[in-house]
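Small disclaimer: the values here were computed from a predicted structure and weren't measured. The sequence lines fix the lettering, A, B, ..., with proteins before strands; numbering per chain opens at 1.
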Amino acid sequence: MTETTPPQTYDHASTERRWQRQWEERALYRASDDSPKPKYYTLEMLPYPSGDLHVGHAKNYTLGDAVARMMRMQGYNVVHPMGWDAFGLPAENAAIQRGIDPSQWTHQNIANMERQLRLLGTSYDWSREIASCEPEYYRWNQWFFLKMYERGLAYKREAPVNWCPKDQTVLANEQAEGGVCWRCGSPVERRNLSQWFLKITAYADELLNGLDDLPGWPERIKTMQRNWIGRSQGVTFSFEIERLGQHIRVFTTRPDTTFGVTFLAIAAEHPVVAKLLEISKRSGEIERFIQGVKNKSELERTSLMEKDGVFTGIYAVNPLSHERVPIWVTNYVLAEYGTGAVMGVPAHDERDFEFARKHALPIVQVILPPGTTEPETLHEAYVSEGRMIASGDFTGMASKRGLRAVGDRLTQLGVGEWTVNYRFRDWLLSRQRYWGTPIPIVYCETHGEQPVPYAELPVLLPTNIPITGEGSPLARDENFMRATCPVCGGPARRESDTMDTFMDSSWYFLRYLDPHNDREPFSTALAQHWMPVDQYIGGAEHAVLHLLYARFFYRVCRDMGLVEGDEPFTRLFNQGTLIYGGEKMSKSRGNVVGIDATVEQHGVDAMRLFLLAAGPPEDVTDWTDTGIQGRVRFLNRLWRLADAAAPRLRELPVDPLPATATPQEKSLLRALHLAYKSALDEANTRRFHFNTTIARLDEVLNALTELSRTPGGEKNVVYLQALRGTLLALAPFAPHIAEELWERMGGEESIHLQTFPQPNAGVLALDEVTVVVQVNGKVRARLQVPPRTGEEDVAALALQEPAVQTQIDGKTLRKRVYVPDKLLNLVVS
RNA sequence: GGGGAAGUGGCGGAAUCGGUAGACGCAGACGCCUCAAAAGCGUCCGGGGGUGACUCCGUGUGGGUUCGAGUCCCACCUUCCCCA
């Protein structure tokens with residue numbers, strides 16, 4: 001046989017396929033519930049099965065997998081599960097637009113995405129997989145709902161919502177942007193509809209204060225949650241309406257400005273409006289205004305629209321100053337926030353100022369800014385503290401003290417009380433949609449609203465029913481709607497609303513711990529063993545939605561005795577997005593780089609390395625088609641060296657610290673141990689900047705290449721042992737090639753079950769260090785000296801340097817700064 | 001409008017504690033190998049000046065603190081994110 005050229009590249013496709021199969025067969029990543037090792041729960045946010053993964057998704061899962069593998073190799077019993085957020089609108093839209101069964105659509109997508117996740121070489125424990133659309137899962141949503149119902153945490157009430165008159169359904173705020181239905185384009189209305197809520201506000205203070213106990217969370221996420229909860233302390237008090245004998249209650253955080261009230265602003269939906277209409281002479285005008293306001297979405301009302309209003313012709317009385325103040329119906333006060341009415345103090349509130357300007361209402365200054373003695377014409381509201389004026393008994397008081405004093409006076413007068421108000425509202429759980437968890441409630445003509453008995457769970461979502469996109473499919477399905485009353489056994493109607501899908505993701509991390517339990521949502525003992533999640537990884541888009549709901553849910557579980565502790569996620573890491581061609585990857589932009597084609601062309605190890613090396617994981621990073629080439633080259637270079645060395649390594653006993661002789665050997669070993677240190681530091685400080693670790697591995701390969709080219713290099717023991725070490729350091733990031741070469745080198749067991757090597761201080765130490773010599777802060781020379789050389793010795797050497805001499809010649813030495821092993825700065829003049 | 005984060009070569013980025021700016025990679029230039037190409041290998045690669053040893057400038061802009069600033073402080077500009 002004639003001599004053939006050896007293969008230049010390794011066959012990534014067959015290698016990757018082979019090891020993925022082997023790992024699965026050997027259940028390599030199965031987490032044991034009773035391991036003596038310390039537990040580590042690492043988790044990526046579960047995906048919605050939209051159909052296809054692109055390299056942007058891969059960035060997230062690759063990081064999570066690198067973390068899981070690093071912890072596993074450090075001796076932790078790692079649980080790293082994966083599942084599917086499988087209920088939701090896209091499946092239903094596929095049904096509406098293309099007549100595809102939502103269940104079938106979802107299951108096809110799950111099958112495909114699971115295949116793709118396996119393709120990524122992720123080390124998930126698939127035996128724990130869950131899909132939220134399965135009755136085995138959603139029955140426990142219903143179970144939790146009933147438990148919350150019993151505890152008064154789930155309740156039904158009327159609330160204003162976005163309503164599309166054509167499609168006959170409620171819409172989420174983001175589905176009604178610009179005031180029109182996202183599907184049919186009809187203008188949406190605000191409607192008061194009876195809806196199910198979860199009482200998350202009952203935990204408001206706990207959710208707020210708990211943030212202080214989460215040092216492992218990004219500060220900005222905590223700030224966002226604090227702002228979202230929006231706790232404010234103030235006074236709720238009443239203004240009596242003239243000629244009506246009724247009151248309007250207002251909430252204010254600034255009772256010290258009560259004497260500056262020049263109008264009352266109430267929401268168009270405020271219940272008192274009906275009464276006002278009865279006695280107002282201007283009812284026609286008011287009704288026209290209200291009609292215009294009601295059609296607008298909340299988004300438009302709070303941010304887009306100019307502040308507007310209409311005077312009712314009716315007055316109320318300020319309980320402190322006894323002045324008459326006009327009552328206005330406005331578009332900038334929301335019925336759902338506070339009391340649905342605010343006192344208008346234009347001098348000291350920006351929105352009130354703007355409103356007063358527009359409608360020529362008086363602006364009465366009652367707080368003087370420090371350093372002023374007379375009220376001046378205001379060009380904008382003065383919202384800070386100062387001295388109170390024109391405020392009856394309180395005149396002359398500092399406003400900070402006045403705030404308390406006025407609040408207390410209102411309380412003493414019996415017209416008000418100190419209250420705490422929150423910006424966020426209870427969680428609206430109802431959806432008039434098909435593809436979700438049915439709410440387990442029936443309505444009996446005699447016994448009214450009744451919970452479905454636990455024994456009858458799950459209330460199954462019917463399959464094969466028509467989905468047209470108009471109205472609730474469940475409400476029209478007679479078989480589903482017909483039920484019996486659990487109290488009297490008589491006929492009853494089912495609740496046709498389904499649950500918001502954030503219900504599913506509020507507790508899925510607990511179900512992973514006990515995914516096949518058919519007696520309870522999860523075993524308390526297993527939750528105690530594994531919880532809390534040690535590391536949670538996901539995008540920042542869920543900062544106030546999922547992450548707040550899950551914290552609420554966990555506390556409810558705690559109060560039910562199902563879990564211990566308050567917080568489900570000890571540490572949170574926010575991934576940055578991956579952009580391509582300057583834009584976020586998305587189907588609609590047509591700039592999606594799919595993972596199937598990428599993996600086929602370059603191999604998944606190269607892709608994983610590129611995604612990790614592209615930049616810090618929390619940053620927005622760029623996908624480039626050429627960048628991955630560098631990682632392909634890296635793997636091929638490593639392959640050529642390691643594959644050739646494998647036969648020798650099979651004969652060579654493992655020795656992590658071979659004796660070095662030459663400077664080249666020393667610098668190779670040092671590079672390797674710096675790579676170990678980098679990987680361990682990044683994993684254990686949770687900085688996760690593995691981009692720097694991969695740069696260290698590049699340097700190791702450069703050093704390996706260099707040593708392999710010295711005479712006899714390929715037999716050099718240091719070189720050979722370093723190759724073995726390189727594979728161990730690479731294993732968490734490029735698991736397939738590392739495993740393949742490990743096997744070829746005669747490694748026992750899987751490389752992924754090995755212990756990650758520890759950096760050795762002796763190896764890291766340098767024989768010589770470079771000390772920079774500066775004159776007046778500018779580098780003039782570099783000295784090679786042994787570590788920890790004394791200042792006098794370094795100074796003596798420095799003065800012999802010609803470049804230093806010319807700089808200090810004829811000048812006086814003023815100061816000498818010495819940083820051992822780093823620098824000597826000579827200050828002269 | 002308010003709050004937050006970030007601005008470093010042609011590009012992605014490194015410099016983790018105030019101490020050699022530009023590690024590592026991509027792209028590019030030149031060379032080797034080859035009939036040729038691909039792959040691979042080698043050298044160079046912030047800007048100005050100089051044959052060269054070198055030298056001056058340089059981390060968005062302008063100030064400041066310091067022996068010394070990409071890093072700390074103040075103001076401004078730009079971009080992105082969140083809230084309104």
Side-chain angles (χ1 to χ4, degrees), chain A residues 5-9 218-228 230 298-305 332 350-351 354 380-381 383 423 539-541 543-544 574 576-579 582 584 606 609-616 618-634 636-637 640 671 674-675 677-678 681-682 685 687-703 705-706 708-709 769-784 802-803 806-807 813-829:
Chain A
T5 45
Q8 295 294 302
T9 60
E219 211 48 57
R220 59 185 212 102
I221 300 290
K222 289 190 277 185
T223 303
M224 281 164 70
Q225 290 211 353
R226 283 189 191 103
N227 292 340
W228 185 260
E298 193 168 306
L299 176 83
E300 286 178 292
R301 289 175 64 178
T302 51
S303 58
L304 303 176
M305 223 159 42
Y332 74 96
E350 282 163 18
R351 287 175 313 170
E354 198 185 318
E380 57 180 357
V383 298
R423 204 186 71 97
E541 65 271 19
V544 289
N574 281 130
T577 49
L578 188 73
I579 59 172
K584 200 174 163 180
L609 285 177
F610 176 70
L611 289 168
L612 290 169
E618 69 274 24
D619 285 2
V620 172
T621 48
D622 291 87
W623 175 266
T624 63
D625 297 310
T626 52
I628 194 171
Q629 281 301 336
R631 299 299 101 203
V632 172
R633 277 201 276 268
F634 170 86
N636 284 332
R637 284 174 61 200
R640 284 195 296 271
L674 282 172
K677 182 167 157 42
S678 172
D681 285 352
E682 294 303 337
T685 62
R687 200 176 77 136
F688 302 148
H689 286 197
F690 294 122
N691 53 321
T692 61
T693 305
I694 287 165
R696 296 287 87 80
L697 285 167
D698 278 338
E699 287 173 325
V700 173
L701 182 58
N702 290 342
T705 305
E706 204 186 314
S708 77
R709 287 185 185 148
V769 294
T770 306
V771 173
V772 168
V773 183
Q774 295 183 336
V775 179
N776 289 343
K778 281 188 188 295
V779 179
R780 296 299 173 184
R782 293 178 172 84
L783 303 172
Q784 292 298 121
T806 50
Q807 290 296 325
L813 185 68
R814 297 273 171 219
K815 191 171 180 180
R816 206 167 69 186
V817 181
Y818 182 59
V819 183
D821 297 350
K822 290 266 183 196
L823 136 163
L824 178 77
N825 190 9
L826 303 171
V827 185
V828 299
S829 62

Considering every strand shown, what is the Watson-Crick or G-U wobble mate of B:U59 when both distances are under 3.5 Å?
none
Minimal non-hydrogen separation, A:Asp622 against A:Ala614, with atom names
O-CB, 4.3 Å
Spacing of the C1' atoms in B:A6 and B:G13 (rounded, Å)
14 Å
Nearest-Å distance for atom pair CD/C1', residues A:Gln807 and B:U55:
10 Å
Would you indicate what A:Ala614 reaches in the nucleic acid, counting non-hydrogen atoms under 4.0 angstrom: base, sugar-phosphate, or nothing?
sugar-phosphate
Is there a Watson-Crick or G-U wobble partner for B:C33 with both distances under 3.5 Å, and if so, which one is it?
none
If you look at every heavy atom in A:Val773 and A:Leu826, which pair is closest and at what distance?
CG1-CD1, 4.5 Å
Between B:G52 and B:C45, how many Å separate the two P atoms, rounded to a whole number?
13 Å
Any idea which heavy atoms bring A:Ala606 and A:Val632 closest together, and the distance?
CB-CG2, 3.8 Å
In whole Å, what separates the C1' atom of B:U8 from that of B:G46?
10 Å
Pairwise C1' distance, B:U78 and B:C26 [rounded to whole Å]:
26 Å
State which of B:A14, B:G4, B:C83 makes the closest approach to the side chain of A:Arg423.
B:C83
Could you write nucleotides 16-31 of chain B as a row of B, S and -, 5' to 3', where a protein heavy atom under 4.0 Å of any base atom gives B, of only sugar-phosphate atoms gives S, and otherwise -?
B--BB--BSSSS----
If I compare all heavy atoms of A:Phe634 with all of A:Leu609, which pair ends up nearest, and what's the gap?
CD2-CD1, 3.9 Å
Check whether any side-chain nitrogen or oxygen of A:Arg709 sits under 4.0 Å from OP1 or OP2 of B:G40, and answer yes or no.
no
Residues two or more places apart in sequence or in another chain: which of them pass ring pair (Phe, Tyr, Trp, His ring centres under 6.0 Å) with A:Phe688?
A:Phe573
Please report the distance separating the P of B:G9 from the corresponding atom of B:G48, rounded so that it comes out in whole Å.
15 Å
Rounding to an integer number of angstrom, what distance separates B:A21 and B:U59 when you compare their P atoms?
12 Å
Rounded to whole Å, CH2 of A:Trp228 lies from P of B:C82 at a distance of 12 Å
Main chain of A:Ala381, side chain of A:Glu350: is a donor-acceptor contact present, judged purely on distance under 3.5 Å?
no
Expressed in angstrom and rounded to an integer, what is the separation of A:Arg220 atom CZ from B:C82 atom C1'?
7 Å
To the nearest Å, give me how far apart CD (A:Glu350) and C1' (B:G1) are.
8 Å
In short, A:Leu697 meets A:Ala675 closest at the heavy-atom pair CD2-CB, 4.1 Å
Please state how far atom CG in A:Asp619 lies from atom P in B:U79, giving the value in whole angstrom units.
19 Å
Which nucleotide, in any strand shown, forms a Watson-Crick or G-U wobble pair with B:A69, with both distances under 3.5 Å?
none
With a 4.0 Å cut-off on N to O distance, would you call A:Lys222 and A:Glu219 a salt bridge?
yes
Pairing donors with acceptors under 3.5 angstrom, does anything connect the side chains of A:Asn776 and A:Arg814?
no
Quick check on B:G9: syn or anti? Syn means the glycosidic torsion is within 90 degrees of zero.
syn
Taking pairing as Watson-Crick or G-U wobble with both contacts under 3.5 Å, can you name the mate of B:G12, or confirm there isn't one?
B:C24
Given atom CD of A:Glu219 and atom C1' of B:G3, what is their separation to the nearest angstrom?
13 Å
Do any side-chain nitrogens or oxygens of A:Lys778 fall under 4.0 Å of OP1 or OP2 in B:C57?
yes
Give A:Val544 one of three labels, base, sugar-phosphate or nothing, depending on what nucleic acid heavy atoms sit under 4.0 Å from its own.
nothing
Going by purine N1 to pyrimidine N3 plus the second Watson-Crick contact, or the G-U wobble pair, all under 3.5 Å, which nucleotide sits opposite B:A5?
B:U79
Rounded interatomic separation in angstrom, taking CE from A:Met224 and P from B:C81
12 Å
Syn/anti label of B:C17 as read from its glycosidic torsion, with the cut at 90° from 0
syn
Gap in Å between the two P atoms, one belonging to B:G70 and one to B:U61, rounded:
12 Å
Would you kindly give the NZ-to-C1' distance between A:Lys222 and B:G4, to the nearest whole Å?
14 Å
Expressed as a whole number of Å, how far does the C1' atom of B:G62 sit from that of B:G10?
28 Å
